[in-house]
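Encoded as structure tokens, the structure appears first; notes follow it.
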Amino acid sequence: MREQFDEQLEQIRDDLVELCTLTEPAIDCATRAVLDTDLSAADRATELSADIEARAAELDHRALTLIARQQPVALDLRSLIGGMHNIADLRRMGSLAAHIAEVARLHHPEPVVPHELRGIISDMGVAATAQAAAAREVLRTRDEAAALDLIWADERTDELLRRLFAATKSDEWLHGAASAVNITLLGRFYERFCDHTVEIGRRVIFVVTGEIPDQ
């Protein structure tokens, strides 16, 4: 029984890594959609989000079933409960990528991002993709130091968001209230995407050590 449980638990961990892998092209396609008014990229981001949702639901069910049938304790229980929370974070990351893509779709063929903010949005997209990739590696290796690096790296996105908000509130903003709202939404979507990767890092540390790191 123990050998079978270990195999099932390891398969859930592997599938969680694979699920996280899908968030990288999802956020990358969403970024291309808003920067290039690319409908095909927006469609791809939406498709990936749907795939993440479907896989996450199935994986969540398997984890819950394993808990119910095997009644794990200590490290195994932390792994399963933490895994279920990570699944929820990855689902939300997929949804956020789809939200970004939807902003591009709703305003097509007009560009969403003013020229002077393209660099910031591009950097936010790069940072989000990097955070997703780092989260994947943390889930794969369960390395505490890498998880801490993932948490600290989120400061980059926070700084970009501050710059984005400062631009929309500036007296030099010439693009109107609607554009400011769109840019604010995009910034928040990227911020929340990266916040979910931070939660994954914190949760991996909890699974490994039994302690939750400070915010």
### Query
Could you state the interatomic distance from OG1 (Thr21) to CD (Glu137), rounded to the nearest 0.5 Å?
8.5 Å
### Query
Leu64 and Leu59: same hydrophobic cluster, using ILVMFWY side-chain contacts below 4.5 Å?
yes
### Task
Could you walk me through whether Arg105 and Asp43 pass salt bridge (charged side-chain N to carboxylate O under 4.0 Å, His left out), step by step?
CA-CA 9 Å; Arg105 184 180 288 107; Asp43 290 343; 2.8 Å; yes
### Task
Give a yes or no on whether Val126 and Ile183 share a hydrophobic cluster (residues Ile, Leu, Val, Met, Phe, Trp, Tyr; joining criterion: side-chain heavy atoms under 4.5 Å apart).
no
### Task
Could you pull out the closest heavy-atom pair between Ala180 and Thr168, with the gap in Å?
CB-CB, 4.2 Å
#### Entry: Check: Thr46 side chain, Ala42 main-chain N or O, donor-acceptor pair, under 3.5 Å
yes
### Expected output: side-chain Asp143 to main-chain Ala145 donor-acceptor under 3.5 Å
yes
### Task
Please round to the nearest 0.5 Å and tell me the distance separating atom CG of Leu96 and atom CZ of Arg188.
12.5 Å
#### Entry: Partner residues of Arg92 under the salt bridge (charged side-chain N to carboxylate O under 4.0 Å, His left out) criterion, sequence neighbours left out
none
### Message
If I take atom CD from residue Glu110 and atom CG from residue Asn182, how far apart are they, to the nearest 0.5 angstrom?
### Response
12.0 Å
### Query
Does Asp15 pair with Arg55 as a salt bridge, N-O distance under 4.0 Å?
no
### Query
Do Val198 and Trp152 belong together in a cluster built from hydrophobic side chains that touch within less than 4.5 Å?
yes
### Qualifying residues under ring-ring contact (aromatic ring centres under 6.0 Å, His included), relative to His196, sequence neighbours excluded
none
### Message
Tell me whether Trp173 contacts the main-chain N or O of Gly176 through its side chain, where contact means a donor paired with an acceptor under 3.5 Å.
### Response
yes
### Query
Thr197 and Ala132: which non-hydrogen atoms are nearest, and at how many Å?
CG2-N, 4.2 Å
### Task
Check whether Ile100 and Leu161 end up in the same hydrophobic cluster, where Ile, Leu, Val, Met, Phe, Trp and Tyr are linked by side-chain heavy atoms less than 4.5 Å apart.
yes
### Query
Passes side chain to side chain contact (heavy atoms under 4.5 Å, CB included), Arg202 versus Ile205? Steps please.
CA-CA 5 Å; Arg202 296 178 73 245; Ile205 292 173; 5.8 Å; no
### Task
Decide side chain to side chain contact (heavy atoms under 4.5 Å, CB included) for Glu7 and Gln11; before the verdict, give the C-alpha distance in whole Å, the side-chain angles of both, and the deciding distance to 0.1 Å.
CA-CA 6 Å; Glu7 289 176 358; Gln11 187 60 58; over 6 Å; no
#### Entry: Minimal non-hydrogen separation, Val112 against Ala104, with atom names
CG2-CA, 3.9 Å
### Message
Tell me whether Thr31 contacts the main-chain N or O of Gly125 through its side chain, where contact means a donor paired with an acceptor under 3.5 Å.
### Response
no
### Task
Mind checking the OG1-CZ spacing from Thr157 to Arg192? Nearest 0.5 Å is all I need.
12.0 Å
### Task
Report yes if some heavy atom in the side chain of Arg156 is under 4.5 Å from a heavy atom in the side chain of Asp123; otherwise report no.
yes
#### Entry: Lys/Arg-Asp/Glu bridge criterion (N-O < 4.0 Å) met for Asp158, Arg163
no
### Task
Decide yes or no on side chain to side chain contact (heavy atoms under 4.5 Å, CB included) for Ile27 and Gln131, but give the supporting numbers first.
CA-CA 10 Å; Ile27 195 66; Gln131 286 286 101; over 6 Å; no
### Query
Can you name the closest pair of heavy atoms from Leu80 and Pro72 and give their distance?
CD1-CG, 3.6 Å
### Task
Look up atom CG in Leu164 and atom CG in Leu117, then write down how far apart they are to the nearest 0.5 Å.
5.5 Å
### Task
Starting from the C-alpha separation in whole Å, work towards a yes-or-no answer on side chain to side chain contact (heavy atoms under 4.5 Å, CB included) for Glu58 and Glu53.
CA-CA 9 Å; Glu58 189 271 338; Glu53 176 63 29; over 6 Å; no
### Query
Is there a path of hydrophobic side-chain contacts, each under 4.5 Å between heavy atoms of I, L, V, M, F, W or Y residues, that connects Val181 with Ile121?
yes
### Task
Might you point out which heavy atoms bring Leu90 and Ile52 nearest each other, and give the distance in Å?
O-CG2, 3.6 Å
### Query
With side chains defined as the heavy atoms from C-beta onward, is the minimum distance between Arg44 and Pro25 less than 4.5 Å?
no
### Query
If you round to the nearest 0.5 Å, how far is CG of Asp89 from CG of Leu16?
10.0 Å
### Query
Within the distance-only criterion (no hydrogens, no angle test), does the side chain of Arg78 pair as donor or acceptor with the backbone N or O of Phe206 below 3.5 angstrom?
yes
### Task
For the residue pair Leu139 and Ile200, establish whether any side-chain heavy-atom pair is separated by less than 4.5 Å.
yes
#### Entry: Cationic N near anionic O, under 4.0 Å, Glu159 to Arg162
yes
### Task
Check the side chains of His107 and Glu102 for a donor-acceptor pair under 3.5 angstrom, ignoring hydrogens and angles.
no
### Task
Decide yes or no on salt bridge (charged side-chain N to carboxylate O under 4.0 Å, His left out) for Arg142 and Glu10, but give the supporting numbers first.
CA-CA 12 Å; Arg142 286 164 259 170; Glu10 193 61 33; 3.5 Å; yes
### Task
Decide yes or no for Ser79 and Val207: does some side-chain heavy atom of the first lie under 4.5 Å from some side-chain heavy atom of the second?
yes
### Query
Do the side chains of Ile67 and Met84 get nearer than 4.5 Å, heavy atoms only?
yes
### Query
Does a sphere of radius 6.0 Å around NE2 in His61 hold more than 12 heavy atoms from other residues, nucleotides or ligands, not counting ones at 6.0 Å or beyond?
no
### Summary
In terms of heavy-atom contacts, Ile151 and Gly201 come closest through CD1-C, 4.1 Å
#### Entry: Main-chain N/O of Ala41 paired to Arg32 side chain as donor or acceptor, under 3.5 Å
no
